[in-house]
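Reading through the structure tokens given below for one structure.
All of these numbers come straight from a predicted model, not from anything done at the bench. Below, read A as the first sequence line, B as the second, and so on, with proteins coming before strands; counting in each chain starts at 1. For the numbers below, each heavy atom of this structure counts, side chains included, while hydrogens, waters and symmetry mates do not.
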Number of protein chains: 2
Amino acid sequence: MDLRKLRYFKVVADEKHIGRAAKVLHISQPPLTRQIQQLEEELGVTLFSRNPKGMELTDAGVLLREEVRNIFSLIEQATERTQKAGQGRLGRMDIAIFGSGIMGDIPKMLLFFKERYPEVNIVLHTMGKGEQIKALRQKRISVGFNRLLAPLADISSELVSMEKLRLAISTKHPMASQDHIPFEKIREFPLVMYPTAGRPNFIDKTIRLCQLAGFTPDISQEVGDAVTGVALVASGFGACLVPESATVLSIPGVVYKPLSDEPDEAEVDLSCIYRNDDESPLLKAFLETLKEFRTIKDNRSLDELC
Amino acid sequence: MDLRKLRYFKVVADEKHIGRAAKVLHISQPPLTRQIQQLEEELGVTLFSRNPKGMELTDAGVLLREEVRNIFSLIEQATERTQKAGQGRLGRMDIAIFGSGIMGDIPKMLLFFKERYPEVNIVLHTMGKGEQIKALRQKRISVGFNRLLAPLADISSELVSMEKLRLAISTKHPMASQDHIPFEKIREFPLVMYPTAGRPNFIDKTIRLCQLAGFTPDISQEVGDAVTGVALVASGFGACLVPESATVLSIPGVVYKPLSDEPDEAEVDLSCIYRNDDESPLLKAFLETLKEFRTIKDNRSLDELC
DNA sequence: ATTTATTAATACCTTAAAAGTATTGAGATG
DNA sequence: CATCTCAATACTTTTAAGGTATTAATAAAT
């Protein structure tokens with residue numbers, strides 16, 4: 001079977017006239033006659049009854065015409081969908097986020113992507129840093145969101161945003177009424193820190209920052225994630241350093257205080273990671289959209305400053 | 001787009017190896033490479049990632065493979081259905097029957113056909129003789145069942161069966177107790193006759209038969225069909241000549257009596273009619289099945305005689 | 001009844017494209 | 001570093017699709 005024959009058949013069926021059909025197809029009449037004959041021979045079926053004034057479809061021909069319509073529409077659909085997939089506009093994308101990643105820029109970015117690529121099905125997985133890297137290597141995910149990533153040979157990363165830090169303290173603490181807290185006052189708080197897994201992590205970062213500021217922090221408790229940390233602060237466990245985005249999490253008894261006089265690097269990154277060798281157009285589209293997202297975000301913050 | 005390319009693509013996708021795929025396809029490797037390249041070029045999509053140990057489908061390739069499966073199964077289905085239609089094993093057949101045709105051999109024959117051609121959709125239309133011929137010429141029907149057909153240039157007929165006649169009389173009539181009624185006794189009954197339309201008809205036939213037997217029948221009433229005629233007999237309107245098959249219609253107050261000493265032609269035909277120029281394989285199949293039905297019927301009656 | 005016009009079919013030739021052979025180039029493996 | 005295994009390329013042969021000219025069949029017109 002040959003699509004050319006089916007295409008020719010369709011035109012002849014529409015025109016009921018080999019000569020006219022040949023004109024429509026921009027070929028001469030004899031080859032068209034032959035193609036139709038071959039199609040009939042191949043199927044072992046008479047598709048047209050030849051009248052002196054043209055050709056008429058037989059019942060079998062009428063049926064085939066219907067089927068041919070379906071075949072062509074299916075082929076058209078297949079090429080369209082394949083092309084979309086090739087441009088990263090169609091498919092499934094498995095993305096990992098970390099526990100408190102549901103707050104802040106990640107959902108905004110994902111929504112932004114979803115608007116531009118509505119036919120890409122995003123599947124979210126929650127996993128820690130080490131697990132994300134493993135899942136990337138096993139191709140179970142294409143992208144992971146995380147912070148404080150150590151460079152790796154087979155994995156690249158792309159910055160999403162930098163976030164300032166805030167100090168979560170109890171509303172009952174004397175400093176709860178202050179506008180901001182000088183960085184070096186952190187030494188006075190017993191600190192709840194996270195996460196326990198995935199080096200280098202936020203704990204390492206904090207210790208380094210404190211040492212830059214000339215003191216060693218008093219780590220009273222280590223927990224798995226920001227939410228747990230803030231919850232402990234609410235119960236009177238001291239203070240907890242969190243990225244700005246985590247302050248959307250409002251818990252009774254806790255206030256988030258901006259810091260002052262902090263060291264220059266008192267910021268954490270939010271980045272996304274992906275395999276170096278991943279040539280998938282989906283990933284390409286995702287990273288491009290990410291860059292676009294970042295510039296729009298920058299412009300917006302500029303706008304807000306004006 | 002070209003089915004050859006899709007077929008080749010499918011095999012390469014299965015084998016993940018151009019060389020092996022070429023062997024499966026019984027062609028050499030270079031043309032296969034070219035066909036795949038052309039397919040990718042045509043779609044503007046990379047379908048395979050080339051590794052040193054073979055080829056791996058990209059996401060777009062995976063999607064195309066699925067679509068290609070559907071395309072091929074649709075094409076297969078289309079050819080099968082078209083071939084069936086070409087052999088008269090699939091399609092729709094419009095058949096006309098007359099009023100009392102629902103009794104006797106017609107339903108038996110139709111059931112017989114339906115068993116042999118389960119995918120042919122039979123649509124029944126009830127119409128009289130003249131209307132059937134008109135509908136045949138307008139191609140609204142392919143076959144009509146009727147009796148006593150005058151030959152026509154553009155319409156052929158094929159005998160289904162011959163039927164003896166019986167006399168429907170009231171159970172109250174003195175002759176109701178007799179085993180059979182001599183033909184010439186019909187002169188003593190007022191006759192209810194049918195049908196009023198479509199010459200030559202059963203009325204003309206009956207009059208001729210009576211004249212052969214040496215008398216003129218006493219026609220008391222003309223009605224449209226056998227059912228009405230027998231109903232009138234039940235109400236005391238005299239007698240009514242009916243074909244054997246109509247005796248399945250049992251109405252209180254009526255008995256059907258066989259005739260004796262009747263003229264040789266005291267039988268009516270049941271025939272089916274069709275257009276001379278109808279080359280449809282459905283009709284061919286129908287007529288063949290009809291002949292088969294007739295021989296089986298004959299054999300069965302022989303069997304019953306033994 | 002003969003001519004003319006219109007249609008699909010046939011015969012024969014040309015062109016395009018698919019398949020074959022031989023070879024190259026790239027990347028892995030020992 | 002040689003070797004092996006792939007896919008890719010260069011070039012030739014074969015196949016099949018397309019073109020031109022003509023024929024055969026049938027209906028319409030004279």
### Query
What's the verdict on side chain to side chain contact (heavy atoms under 4.5 Å, CB included) for B:Val11 and B:Leu32, showing C-alpha distance, side-chain angles and the deciding distance?
CA-CA 10 Å; B:Val11 176; B:Leu32 184 52; over 6 Å; no
### Task
Using a strict 4.0 Å threshold on nitrogen-to-oxygen distance, state whether B:Glu288 and B:Lys291 make a salt bridge.
no
#### Entry: Residue B:Lys205 excluded, over 12 heavy atoms near NZ under 6.0 Å
yes
### Message
Applying a 4.0 Å non-hydrogen cut-off, can you work out what B:Gln29 is touching in the nucleic acid: base, sugar-phosphate, or nothing?
### Response
base
Could you state the atom-to-atom distance from [atom1] of [X] to [atom2] of [N] in whole Å?
{"X": "A:Gln37", "N": "C:dA8", "atom1": "CD", "atom2": "P", "answer": "12 Å"}
{"X": "A:Leu3", "N": "D:dA17", "atom1": "CG", "atom2": "C1'", "answer": "15 Å"}
{"X": "A:Leu25", "N": "D:dG19", "atom1": "CG", "atom2": "P", "answer": "10 Å"}
{"X": "A:Ile36", "N": "D:dA17", "atom1": "CD1", "atom2": "C1'", "answer": "14 Å"}
{"X": "A:His26", "N": "C:dA16", "atom1": "NE2", "atom2": "P", "answer": "17 Å"}
{"X": "B:Asp2", "N": "D:dA16", "atom1": "CG", "atom2": "P", "answer": "14 Å"}
{"X": "B:Lys5", "N": "C:dA17", "atom1": "NZ", "atom2": "P", "answer": "10 Å"}
{"X": "B:Lys23", "N": "C:dG20", "atom1": "NZ", "atom2": "C1'", "answer": "15 Å"}

### Query
Near DNA chain C, under 4.0 Å by heavy atom, which residues of residues 38-59 of chain B?
B:Gln38, B:Pro52
### Query
Does the D:dA17 base have a donor-acceptor partner in the side chain of A:Arg4 within less than 3.5 Å?
no
### Among C:dC12, C:dT21, D:dA7, the nucleotide that comes nearest once only the side chain of B:Thr33 is considered
D:dA7
### Task
Could you please spell out the steps behind the salt bridge (charged side-chain N to carboxylate O under 4.0 Å, His left out) verdict for B:Glu42 and B:Lys5?
CA-CA 11 Å; B:Glu42 188 181 342; B:Lys5 290 188 173 57; 5.1 Å; no
### Message
Test salt bridge (charged side-chain N to carboxylate O under 4.0 Å, His left out) on B:Glu40 and B:Arg50; report intermediate values, then the result.
### Response
CA-CA 13 Å; B:Glu40 290 186 320; B:Arg50 275 75 167 172; 2.9 Å; yes
### Task
Report yes if at least one side-chain N or O of B:His17 is closer than 4.0 Å to OP1 or OP2 of D:dT5; otherwise report no.
no
### Contact nearer the 5' end of DNA chain D, comparing B:Ile18 with A:Leu32
B:Ile18
### Task
Please name the residue in the list B:Lys139, B:Arg137, B:Arg275, B:Lys134 that meets the salt bridge (charged side-chain N to carboxylate O under 4.0 Å, His left out) test with B:Asp154.
B:Arg137
### Query
For the residue pair A:Phe48 and A:Phe9, is the inter-centroid distance of their aromatic rings smaller than 6.0 Å?
yes
